[in-house]
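Down below is the structure, laid out as structure tokens.
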2 protein chains.
Amino acid sequence: MNTPITVAIVEDKELIRQSLAILVDGADGFACQATFETAEAALDHLPGQCVDVVLMDIDLPGMNGIDCVRHLKQLCPATQFMMCTMYDEDETVFEALKAGANAYILKRSPPHKLLEAITELHEGGSPMSSTIARKIASSFHINPTAPNELDVLTPREREILDRLSKGHSHKEVAAELFVSPTTVRKHIFNIYEKLQVHSKVEAVNKYLGRK
Amino acid sequence: MNTPITVAIVEDKELIRQSLAILVDGADGFACQATFETAEAALDHLPGQCVDVVLMDIDLPGMNGIDCVRHLKQLCPATQFMMCTMYDEDETVFEALKAGANAYILKRSPPHKLLEAITELHEGGSPMSSTIARKIASSFHINPTAPNELDVLTPREREILDRLSKGHSHKEVAAELFVSPTTVRKHIFNIYEKLQVHSKVEAVNKYLGRK
DNA sequence: TAAAAAATCATGCAAATGCGGTATTGTCGG
DNA sequence: CCGACAATACCGCATTTGCATGATTTTTTA
């Protein structure tokens, strides 16, 4: 047998932690090297052993699993983190990915799927539950049906706003569009009214969809 | 048997197109309803029939598969698009997702995996090859080792830039930080020099990481 | 075709901003 | 202890910008 994939588990609920440990340790090619009840315990002891894969519960007492990953990923860059959670809430998924997790599965996944996911993760993949993958894919979509604030703007106003967003001044935009600077100023004034803002930065923020 | 999943195939290479059609049509629960050699042909005929799933090659003569999806997704919002490609290049993956595709698999996937992916896609999932999923997950990572331009800024400068990015004026920032407006202006001036920009919008763009 | 919306241009003012120089204070590392 | 740097602060000037008011022409749409 090849060297097994070493796994650590961070999970506060006794029953689940034990079940996972037994599942992983019992399977061929896997070795459960450590289990922790809290994020803090994992932070204390994991950096020393640097396992291959960490199964991380999100909803932990004290520090949550996402923040735990954020810290551990710095200390053990080679370790892969798989978030395990009961629910597939939007925000936590993205927060977990940002923190450095590479896999996100639901606890209700069947055991064999879990082991498969661990293997896949260890081999460089990023296993995700279908519904979670869909969320992620959707986040890329340029949503055409979004209740876009920018709809109230005319094409010309959008054109001008787009150039403002690139950091161009009134004068520059005027030159680019071959119109008078005063015209551009008028447009910008209209844009501000429609978007309910009072400065370029605010307008550009709305245009680029950042709050 | 339930109503089968209706599938269309867009693929220029005769051999692959036929193979896929036979595979899909031969499988239980699937029906290949149409095949097209080009994006243009698909655009002409698909909107009328609105199938469940479209397998879309990316590298097509004339219009490419991504642009084709972009248009078709508008016309048939209910249809799911699965990109099929030989390679897993970075940019095309993201472009495809932005265009509205919900699945992205490699042609070298085994036949049963392909059928499984079609089913999963039709049921609301987003099947991806592991390597592609990893690319996507990685795109969310906030790379802590990135050569961040903002490193040259002092903490105080970042603080000020952060408030500017929220649309606050010199005066407002000064009030928030309990310092004189001239101090804030000086800081901003320094920020501009360090970031090599000449206006708030440009500075904020760099701060928030857009080009 | 008449009314509404969009695009164009102008003038003017006050405030905000960009750019330059100068200076004081405190901290930190060599 | 000294130099480098950060943070603080001021003065001044030219430009940009936010805001108001008004007007003409073109385009869209009802």
Side-chain angles (χ1 to χ4, degrees), chain A residues 142 144-211, chain B residues 71 74-75 144-211:
Chain A
I142 312 270
T145 56
N148 204 331
E149 285 187 284
L150 305 175
D151 286 351
V152 296
L153 300 182
T154 68
R156 193 57 157 177
E157 286 166 348
R158 273 191 289 273
E159 166 109 58
I160 286 170
L161 189 45
D162 183 72
R163 287 160 198 270
L164 286 188
S165 78
K166 294 183 170 66
H168 302 181
S169 69
H170 288 181
K171 200 179 283 184
E172 288 168 330
V173 175
E176 290 160 20
L177 300 181
F178 305 107
V179 295
S180 134
T182 54
T183 302
V184 175
R185 294 178 68 185
K186 179 66 172 171
H187 281 305
I188 292 174
F189 178 70
N190 290 334
I191 291 168
Y192 287 177
E193 278 206 319
K194 290 184 179 177
L195 297 185
Q196 290 285 289
V197 299
H198 310 280
S199 73
K200 274 197 206 179
V201 174
E202 285 179 292
V204 169
N205 279 347
K206 286 216 173 188
Y207 178 63
L208 298 178
R210 51 198 192 197
K211 295 284 126 56
Chain B
H71 290 112
Q74 309 286 327
L75 303 168
T145 55
N148 202 329
E149 287 186 283
L150 304 176
D151 286 350
V152 297
L153 299 182
T154 67
R156 193 56 156 178
E157 285 166 350
R158 271 192 290 272
E159 167 106 58
I160 287 171
L161 188 46
D162 183 72
R163 287 159 197 270
L164 286 188
S165 77
K166 294 183 168 69
H168 302 181
S169 69
H170 288 182
K171 199 180 283 185
E172 288 169 328
V173 175
E176 291 160 19
L177 300 182
F178 307 107
V179 296
S180 135
T182 50
T183 303
V184 174
R185 292 178 68 186
K186 182 62 173 173
H187 280 304
I188 294 175
F189 180 69
N190 291 334
I191 291 169
Y192 288 177
E193 279 204 322
K194 289 183 180 177
L195 297 186
Q196 289 284 290
V197 299
H198 310 279
S199 73
K200 274 196 204 178
V201 174
E202 285 179 292
V204 170
N205 279 345
K206 286 219 173 188
Y207 178 62
L208 297 177
R210 345 260 136 148
K211 292 286 124 58

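Each chain gets a letter, A, B and so on, in the order its sequence line appears, and its residues count up from 1. The figures here come from the full heavy-atom set of this structure, side chains too, leaving out hydrogens, waters and symmetry mates. As the structure is a computational prediction, the values presented were derived from the model and not from experiment.
For the pair Arg156(A) and Leu177(A), the minimum side-chain heavy-atom distance is below 4.5 Å.
Rounded to an integer number of Å, the gap from Lys171(A) NZ to dA14(D) C1' is 10 Å.
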*Passes side-chain contact (heavy atoms from CB on, under 4.5 Å), Val204(A) versus Val204(B)? Steps please.*
CA-CA 10 Å; Val204(A) 169; Val204(B) 170; over 6 Å; no
_Run the side-chain contact (heavy atoms from CB on, under 4.5 Å) test on Val201(A) and Leu164(B) for me, step by step, so that the C-alpha distance in whole Å, both residues' side-chain angles and the decisive distance to 0.1 Å come before the verdict._
CA-CA 8 Å; Val201(A) 174; Leu164(B) 286 188; over 6 Å; no
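Each of Glu193(A) and His168(A) lies near DNA chain D, and the nucleotide nearest His168(A) is the one positioned closer to the 5' end.
Remark: side-chain polar atoms of Arg185(B) are not paired, donor with acceptor, to backbone N or O of His170(B) under 3.5 angstrom. Counting only distance, with no hydrogens or angles, the side chain of Asn205(A) and the backbone of Lys166(B) share no donor-acceptor pair below 3.5 Å.
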*For every nucleotide of nucleotides 4-9 of chain D, 5' to 3': is a protein heavy atom under 4.0 Å from its base (B), only from its sugar-phosphate (S), or from neither (-)?*
--SSBB
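The outermost nucleotides of DNA chain C lying under 4.0 Å from heavy atoms of chain B, listed 5' to 3', are dA16(C) to dT22(C).
Axis angle, first five pairs versus last five pairs of the helix from dT1(C)-dA30(D) to dG30(C)-dC1(D): 60°, rounded to 10°.
Salt-bridge formation is detected for the pair Glu159(A)/Arg163(A): a Lys NZ or Arg NE/NH1/NH2 atom is positioned less than 4.0 Å from an Asp or Glu carboxylate oxygen.
Between Ser199(B) and Tyr192(B), the shortest heavy-atom distance links the atoms C-OH, 3.4 Å.
Rounded to the nearest 0.5 angstrom, Lys194(A) NZ and Leu161(A) CG are separated by 11.5 Å. For the atom pair CG of Asn190(A) and CD of Glu193(A), the computed distance is 6.5 Å after rounding to the nearest 0.5 Å.
Residue Glu157(A) is tested with Val152(A), Ile188(A), Ile191(A) for a side-chain contact (heavy atoms from CB on, under 4.5 Å); the sole match is Ile191(A).
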